[in-house]
Protein chains: 2
Amino acid sequence: MTRRALPNDGLLTRMKAVGLRLTGQRKIVAELLETADEHLDAESVYKRAKARDGTVHRATVYRTLNRLKKLGLVDELDLMHVSGERHYYEIRPSTLHIHLVCTSCKRVDEPSEAFWDDLKRRVESENGFRPEVVRIEMAGVCAACQRTRSRRS
Amino acid sequence: MTRRALPNDGLLTRMKAVGLRLTGQRKIVAELLETADEHLDAESVYKRAKARDGTVHRATVYRTLNRLKKLGLVDELDLMHVSGERHYYEIRPSTLHIHLVCTSCKRVDEPSEAFWDDLKRRVESENGFRPEVVRIEMAGVCAACQRTRSRRS
DNA sequence: CTAACTGCAAACCTTTTGCATTGAC
DNA sequence: GTCAATGCAAAAGGTTTGCAGTTAG
């Protein structure tokens, strides 16, 4: 469930840019999403936010996440339900999400986006489809777990 | 929301193969999934099943779908929540799901799997990741809607 | 015959909503 | 000052579960 940190250019700034009021609660949620060391579901965001400011209400967190999602600043992922039915929220770094979810250690890796160009060209020419948001999720076995397994056998 | 029909080699047979009891209710659910003209969420499966046999209970449908999901015979998709928060169930044709979801007409297209080979080779060599189940979802504008839009403007 | 499965109803968990109050701009 | 956002509590979904009765193998 751990994830690599992603470079990010100010969610708060973008929130302000689209006209959202920067309340204390929203600042907390935004910072949590920006600095998260793993993918967070709504409940986790709520718990962490509440730990910082006891008055933050669950409904506010849900409303904020929905707001951000509708504005396209954040995306909702399910990571193929590899570890439960929860939905996770992630700042939209671009319009592309690529996740490699290890079914063994539950680690989530986000590989380079290099191969995306090929794929895009292909979908556009072969299917006439113009992709806007793309999600690629693969469940499988990561390099580390493959080594562990072969060592064991 | 419409989808192309996919060739399929007997969900019931595979259910039997893994040792599931073929009850009347499960036969109905299996046939619904096999012949569905669109992606079905749990509630839709339930409603359709109930229409065929009034005694089918919602809990049974949920249990069956979960069972099939855990056995890997069926996959759960959210189609990027383009048309709601529902989760859809689809027979696993292989281990690969590619969906192009049109944000305009909500149509879901399933393109050829040709480009998957490149992607797979890449993830394996560059990330050392061995993919087992793959889901590629793209939200965007389909060819037809692009034409409609340009005609309008 | 027996373990697996079902129907039923209640519980559970997550998310949303109406309303009065608060606070950002 | 005004309108958006919040807290609260209640409702609304959607899904799961314990139990007693039924049925496929």
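Of the side-chain N and O atoms in A:T60, one or more sit less than 4.0 angstrom from OP1 or OP2 of D:dG7.
Here C:dT15 presents its P atom at 19 Å from CZ of A:R67, a figure rounded to the nearest Å. Between B:L20 atom CG and D:dT23 atom P the separation is 19 Å, expressed in whole Å. As a whole-Å value, the separation of B:L68 CG from C:dA4 P is 17 Å. Straight-line distance from the CG atom of A:L65 to the C1' atom of C:dT15: 11 Å, rounded to whole Å. Atom CD in A:Q25 sits about 9 Å away from atom C1' in D:dG7, given to the nearest Å.
Within 4.0 Å of A:E43, counting heavy atoms only, lies no atom of the nucleic acid at all. Residue B:R26 is in sugar-phosphate contact alone, with no base atom involved, counting any heavy-atom pair closer than 4.0 Å across all strands shown.
The side chain of A:R21 sits closest to C:dC25 out of D:dC19, C:dC25, D:dT6.
Aromatic rings of A:H39 and A:H87 (six-membered ring for Trp) have centroids beyond the 6.0 Å cut-off, not under it.
Where B:K16 and B:A42 each meet DNA chain D at their nearest nucleotide, the meeting point lying more 5' is that of B:A42.
One distance of note links CZ of B:R58 with CZ of B:R63; it measures 13.0 Å at 0.5 Å rounding. A distance of 8.0 Å separates OG1 of B:T35 from CZ of B:R48, quoted to the nearest 0.5 Å. For the atom pair OH (A:Y89) and OG (A:S44), the distance works out to 11.0 Å, reported to the nearest 0.5 Å.
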